[in-house]
Amino acid sequence: MNKKRILFFLPILAIPLVFHLACRTPMPELSSEAKLSKGKMISIRWTTTDAVLAKVFNEVFPVPPAILLDENANLVDLTTVPLPEPNPDHAPKPKEEKPMNPNELPRWDRGFELSNIDNLTLVIRKESQRPFYSIGMSLLALTMLYYGTMDTEAELVWTSGETNLHRISFLSTYETIWAPMPFYIGTGSTIVSPAINSNRYPSLLQKYCTQEKPSKLRESLEQSQVETCKEYETFLRRLFLQNYDAIHSQLKEWEKRNQDWFQP
């Protein structure tokens, strides 16, 4: 009987070891074209209440620093605004940039007021640890592999003016973590890990980093707010890098609106 209990708890006890010894999906790297685009500043004025998003977005994309808004200001919580399902035909597609007219001044040197991206907010639409897929991968390795994954689909939503709502949809990201384990322990750990790692869903990382302060009980059972914010920052960086071209092209389109309204 005692031996059965030990075998039952071994997968649970092995999970902390997994996170120290496991291999993870490496952080994405930008293409050579994307690296060149980072040298061209996009002239937009943008605001957000999310301090972590403000930091990472400014580091990944060639945009000016965000104007950080007070989270207690009278702003609409865009994560709660009901939106229709995004149309796949409207998914952002990177466009080829036309060469700049040598007689045209850079738009950020013209001295006019730029149109705003106000209250830029990340809205997480779908997230899953794909437990059946992970268990299948572990079984293919004869139960000697711990395998976990996190798939997320999100949108960047913002306002412009009082009523205009804009969004960039179909931003997807994924991360896998795997580690060789003893016979049976690998699949056992894979089965129980979704429940144990439920606090690592991106929506919860966002919630307990930027929207709510976790209780002392939650911090003692899971992790501190500082650690939560570190994981949230890593998630944002991975999301922006994996979708760099799509987001960058939409930022350029937004910048072009300034050119359409203010011709030299």
Side-chain angles (χ1 to χ4, degrees), residues 23-48 50-68 86 88-124 150-158 160 166-176 202 230-264:
C23 299
R24 294 175 179 267
T25 304
M27 190 64 71
E29 294 187 2
L30 296 179
S31 65
S32 56
E33 292 81 3
K35 289 178 180 177
L36 287 174
S37 72
K38 285 179 67 68
K40 300 176 182 178
M41 180 66 72
I42 299 176
S43 54
I44 58 173
R45 179 180 180 273
W46 64 290
T47 66
T48 183
D50 188 332
V52 182
L53 186 148
K55 174 179 182 291
V56 178
F57 200 81
N58 184 239
E59 291 175 353
V60 175
F61 298 100
V63 295
I67 299 174
L68 197 59
D89 294 334
H90 298 158
K93 297 179 177 62
K95 298 180 179 179
E96 294 184 6
E97 293 189 19
K98 297 180 181 179
M100 181 179 287
N101 185 339
N103 298 319
E104 180 183 345
L105 286 173
R107 290 188 283 279
W108 51 88
D109 288 341
R110 294 184 192 165
F112 55 77
E113 180 68 20
L114 302 174
S115 59
N116 291 346
I117 289 180
D118 290 322
N119 194 17
L120 184 66
T121 304
L122 181 75
V123 181
I124 295 167
M150 181 70 76
D151 283 8
T152 309
E153 184 178 306
E155 292 182 316
L156 282 172
V157 182
W158 70 91
S160 177
H166 306 270
R167 58 181 178 170
I168 304 175
S169 305
F170 302 105
L171 304 178
S172 60
T173 184
Y174 63 89
E175 182 182 12
T176 57
K230 286 182 180 178
E231 286 200 36
Y232 178 52
E233 180 178 334
T234 301
F235 162 73
L236 285 178
R237 194 176 305 279
R238 185 181 299 277
L239 177 72
F240 293 155
L241 288 173
Q242 286 183 342
N243 297 273
Y244 181 90
D245 290 339
I247 298 174
H248 183 269
S249 67
Q250 293 299 300
L251 293 175
K252 293 292 291 183
E253 285 295 308
W254 194 260
E255 180 196 39
K256 186 176 181 297
R257 297 180 183 217
N258 297 320
Q259 181 185 22
D260 293 340
W261 279 95
F262 299 91
Q263 293 295 333

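The basis for the numbers below is simple: all heavy atoms, side chains too, and nothing from hydrogens, waters or symmetry mates.
- The minimum heavy-atom distance between Ile44 and Pro64, with the atom names listed, is O-CG, 3.4 Å.
- Ser169 and Glu155 share a side-chain donor-acceptor pair at under 3.5 Å.
- Here NE2 of His248 is found 11.5 Å from CD1 of Ile168. Values are rounded to the nearest 0.5 Å.
- Taken from CG in Leu239 to OG1 in Thr234, the straight-line distance is 12.5 Å, to the nearest 0.5 Å.
- Considering all non-hydrogen atoms of both residues, Ala154 and Leu122 come closest at CB-CD1, 3.8 Å.
- For Thr48 (side chain) and Leu120 (main-chain N/O), a donor-acceptor pair under 3.5 Å exists by modelled atom type.
- Taking the side chain as every heavy atom from C-beta outward, Val60 and Leu30 never approach each other to under 4.5 Å.
- A salt bridge links Glu255 with Lys252: at least one charged nitrogen is closer than 4.0 Å to a carboxylate oxygen.
- Side-chain contact, Thr176 with Thr25: a donor N or O sits under 3.5 Å from an acceptor N or O.
- Taking the six-membered ring for Trp and thresholds of 30 and 60 degrees, Phe61 and Tyr244 have nearly parallel ring planes, at less than 30 degrees apart.
- What you find for Gln242 and Ser172 is that their closest heavy atoms are OE1-O, 3.8 Å.
- When all heavy atoms of Leu68 and Ala54 are compared, the pair lying nearest together is CD1-CB, 4.2 Å.
- In this pair, Phe240 and Phe57 present their aromatic rings perpendicular. The plane angle is above 60°, beyond the 30 to 60° band.
- Across every non-hydrogen atom of Asp118 and Thr47, the tightest pair is CA-OG1, 3.2 Å.
- Between Trp46 and Trp254, the distance separating the two ring centers is not shorter than 6.0 angstrom.
- Counting all heavy atoms, side chain and backbone alike, Arg237 lies closest to Met27 at C-SD, 4.2 Å.
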